[in-house]
Peer 1: 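Sending over a structure as C-alpha cells; questions will come in a sec.
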Amino acid sequence: MLEDRVSKANGYHQQYLEINVSNGVATRHELDTTLLQQSIGGSGLGTHLLLEHESWKHDPLAAEASIVFAFSPLVGSPLTTSAKFAVVSRSPLTGRINDSLASSTFAIAGKRTGNDALLIKGRAVSPSILVIEDNQISLKPAEHLWGLSAEDAELQLREEFGNKFSFAVIGPAGEQLVRYATISHSGRHAGRGGSGAVLGAKNIKAVAVRGNQRAAWHDTEGLIAQARNLSQRSFGPATEKYRELGTAANVLIFNRLNCLPTRNFQKGSFEKAGELSPEAMNIAHEKIRESCAACTIGCTHVYSIPVDGRPSRARIEYENLFALGPLCEVSDQQTVLQASQLCDYYGLDTISTGGTIAFAMECVERGFLNETWLTFGNGDALLQAIHMIGRGEGIGVRLAQGSRTLAMELGNNTIAFAPQVKGLELPGYEPRALQTMALGFAVGTRGADHNRSGAYEVDFSEEVDRRNAKVHQARLAVETEDKAAIMDSLILCKFLRGVFDDYFAECATMLNLITGWRLESSDLISTAKGIIDAKKRFNILCGWSPEEDTLPERMLTSALADDRDARLNRETLETLVTAYNLERGWDEAGFLPGSSAGT
C-alpha cells in the first residue's frame, strides 16, 4: 500500500495557494504526503483540488468557479521536458473536466513561489494582472493590455515587470469568452477546452509569477545521473521524427492510410495533402527549430510568413495543419500558416477552431446556415471566420460557442455531423479507420482527446486490425490512458514515451530519486487508475450520463467515402465502451462503484 511508504515529500512545497481575485485574499493550504502520492501533481493534483473545492457546482464562467495551475515534483529538476504545468478547471466548452498541459518557464517560476499549485477563484472588479511573488499576491490594473494579443501583452509585461517574472496570458479570444480560448506563455498554449475563457471571465488578463523558493531533492547525484541518461536517450530514434520534421510528418502518413480527417470528417484523405507536408513547406518557407524550456528534443518548427507585408511567424504542428487545412479542404500553404498564426494571435485552440469552422462550412453547403461565403476550400473565408471569432463579430459569436452548441441552435439533426464528443472537437485521427482510438475518443473524460488516450498507438501496432475492433482492444486502450495519466501528473512530454524500456518502473525511479519515497511500478499503476477515477467522479458530479460516451452519428452509420472498409457501427462501439468500463472496475454503464447519476 502507498500509505505504508509515506514520508516527508522532497520535491514538493507541500502547500497550495488559494487566491480570491474578488477581494485579493490569499490562503495557504497544506498538502499531505498521502494525497501527493495519490495525485503526484499536474493533472492529478489539479483534479483533486477541483473536487475538494466542489467546482462541479459552478458554471465554468461564474465567479465562484475555480481554475488551478498545478505543478509537479519534477518541475525545476534536470530531467528533460519537466518544465511543464497543468491548467485544470471545469470546461466552458464541455461542462466536464478539462486539463490542459503546457511547457514554459512559467512552470519553474510558478513553483518557485513556494507552491505546488495556484487555485484562482472570484472575479476582479476590472481587467487585472494577478501578481504572485514568493507567496505575496497583488492585483495590478490591466486595462492597457486588454485587447492585445497574448504575445504583445507578454512583451509589454516584460517591459513593466522585468525578465525575472514569467507570465500566463490570455488573448482577445479569452477576453471575448470564446469557449475554446487558450492561455498562452512564451508562445506556447494551454490549449484545449477553454481555460482562457475561464480566466477571462475572472477579468484576469495575465498571471505573473516570480519566486526564489526551491524544493529539495532526495538523491541529487542519482537524479543528475538519471537525467543525463534520459537526455541521451531523448536524442535517439524514438524522437527523430519530432526533431527532423515535427508532428507535421503525420500529414502524409495519415493521408496514405486514409485516416486524415478531410472535409469535416467526410473523407479520410486529402488529394492536396502533399502541398501541406513539412517537406513541401521546408522548400517554400524559412524555418527554425525551437525547444520548450528544459527540453532536449526540440520539436517546435516555426515558419516565416509575410502577413500584410510584414514578416511574421507561425508555429506548425500536425493538429494545426489538419484542422485548418484538410478538415476545411484548404491546401494553400500561406493561408494555413496564416490561419495558425491568427489562432496564436487571438488565443484560440486550433483543433476546435478548425473543427467548428469545417462544421459550419458543411451546414452552409446543406442550406442550414445562411453564410454563403463560408465554403469548403475557401482560404479567405477561413481567415475571415477566425477574425470574426477572435473579435466577437457576426457569425463569429456563434462559432465561438463550438460545434455542439451551434448544432443545437441550428437543429435539423446537424448534431449528427458536428465533429465533437462531449462538446470537444475531434483531433486529427479518423475514428472509423482507427477504431481503438474511436473508443478512446468516446470515453475520454474531457471529450475527444488524443493526449489523454494514446489508443492510436494500438491501432498503428501489429496487435490489432485498426478497421475491425475487437473487445480485447478495450484493455489496450486502458493501458495507454494509465500511462498518459502518470505522464500528465509527473509532468513529462509524451514525445518521451518511446524512450522508456519499462515505463512505470522508470517513472517510479525518477519520482523516488526526487521525493525519497520507495514506490514501485504497481504503485504508479494504482495511482494512474485513481487519477482517472477522480476525473470520472468529477464528471459524474457535473451531470455526466452514459449516453455521452459515443461518437457523432455520421461515424457510426456510414463508411468513409474514400475507404469503404473503414466502417464502425453503433453496436461495436457500445460493446467496446462496456468492455472499457468493466476493465476500469466501473459498472457496465460507466459509473464508479457506489456512485450513480447525480452522486
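Since the model is a prediction, treat every value here as computed from it, not as a measurement.
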Peer 1: Do the non-hydrogen side-chain atoms of R452 and L101 ever get within less than 4.5 Å of each other?
Peer 2: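 Yes; the side chains approach each other to less than 4.5 Å.
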Peer 1: Nearest 0.5 angstrom please: L511 CG to W517 CH2, how far?
Peer 2: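 With rounding to 0.5 Å, CG (L511) is 5.5 Å from CH2 (W517).
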Peer 1: So, D449 side chain and N451 main chain: donor-acceptor pair closer than 3.5 Å or not?
Peer 2: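 Yes; judged by distance alone, with no hydrogens or angles, the pair exists.
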Peer 1: Nearest 0.5 angstrom please: T350 OG1 to E317 CD, how far?
Peer 2: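 So the gap between those two atoms works out to 7.5 Å.
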Peer 1: S545 and E547: side-chain donor and acceptor closer than 3.5 Å?
Peer 2: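 The answer is yes; a qualifying pair exists.
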Peer 1: Distance alone, cut at 3.5 Å: any donor-acceptor contact between the side chains of D344 and H189?
Peer 2: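 Yes, a side-chain donor-acceptor pair sits under 3.5 Å.
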Peer 1: Determine whether F161 and F167 make a side-chain contact, defined as any pair of heavy atoms from C-beta on separated by less than 4.5 Å.
Peer 2: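 Result yes, sub-4.5 Å side-chain heavy-atom pair found.
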Peer 1: Just by distance, no angles: are the side chains of S166 and T105 close enough, under 3.5 Å, to form a donor-acceptor pair?
Peer 2: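 Yes, a side-chain donor-acceptor pair sits under 3.5 Å.
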Peer 1: Taking salt bridge (charged side-chain N to carboxylate O under 4.0 Å, His left out) as the criterion, tell me which of K84, K535, R90 meets it with D99.
Peer 2: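 Running salt bridge (charged side-chain N to carboxylate O under 4.0 Å, His left out) over K84, K535, R90 with D99 returns exactly one hit, K535.
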Peer 1: Applying side chain to side chain donor-acceptor pair (under 3.5 Å) as the test, list every pair that has at least one member in residues 504-513; sequence neighbours left out.
Peer 2: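 Sorted pair list: R233-E506.
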Peer 1: Tell me, which pairs form a salt bridge (Lys or Arg N to Asp or Glu O under 4.0 Å) where one or both residues lie in residues 208-217, sequence neighbours left out?
Peer 2: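 As it turns out, the salt bridge (Lys or Arg N to Asp or Glu O under 4.0 Å) pairs with a partner in residues 208-217, which skip direct neighbours, are E133-R210.
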Peer 1: Can you see whether D523 engages S526 through a side-chain donor-acceptor pair at a distance of less than 3.5 angstrom?
Peer 2: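 The answer is no; no qualifying pair exists.
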Peer 1: Taking atom types as modelled, find out whether Q14 and D116 have a side-chain donor-acceptor pair closer than 3.5 angstrom.
Peer 2: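 Q14 vs D116: no donor-acceptor pair found between side chains.
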Peer 1: Within the 3.5 Å criterion, strictly below it, is a donor on S39 or H48 matched to an acceptor on the partner's side chain?
Peer 2: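 Looking only at side-chain atoms, H48 and S39 do not form any donor-acceptor pair under 3.5 Å.
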Peer 1: So do I40 and S72 actually touch side chain to side chain, heavy atoms under 4.5 Å?
Peer 2: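 No, every pair of side-chain atoms sits at 4.5 Å or beyond.
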Peer 1: A side-chain contact here means heavy atoms from C-beta on lying under 4.5 Å apart; do F538 and K536 qualify?
Peer 2: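 The answer is no, as the side chains (C-beta and beyond) never meet within the 4.5 Å cut-off.
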Peer 1: Under a 3.5 Å threshold, yes or no: a donor from one side chain and an acceptor from the other, between N98 and S91?
Peer 2: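 No, S91 and N98 have no side-chain donor paired with an acceptor closer than 3.5 Å.
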Peer 1: To the closest 0.5 Å, what do you measure between CD (Q401) and CG (L93)?
Peer 2: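 The CD atom of Q401 sits 9.0 Å away from the CG atom of L93.
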Peer 1: Flag the pair R96 / E548 as yes when at least one side-chain heavy-atom distance between them is below 4.5 Å, and no otherwise.
Peer 2: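 R96 reaches E548 side chain to side chain.
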Peer 1: Under 3.5 Å, is there a donor-acceptor pair between the S403 and Q420 side chains?
Peer 2: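 Short answer, no.
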Peer 1: State, without any angle test, whether Y580 and E481 hold a side-chain donor-acceptor pair at a distance under 3.5 Å.
Peer 2: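 Judged by distance alone, the side chains do pair up.
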Peer 1: So do the side chains of Y180 and R192 get within less than 4.5 Å of each other, counting heavy atoms only?
Peer 2: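 A side-chain contact is absent here, since even the closest heavy-atom pair is not under 4.5 Å.
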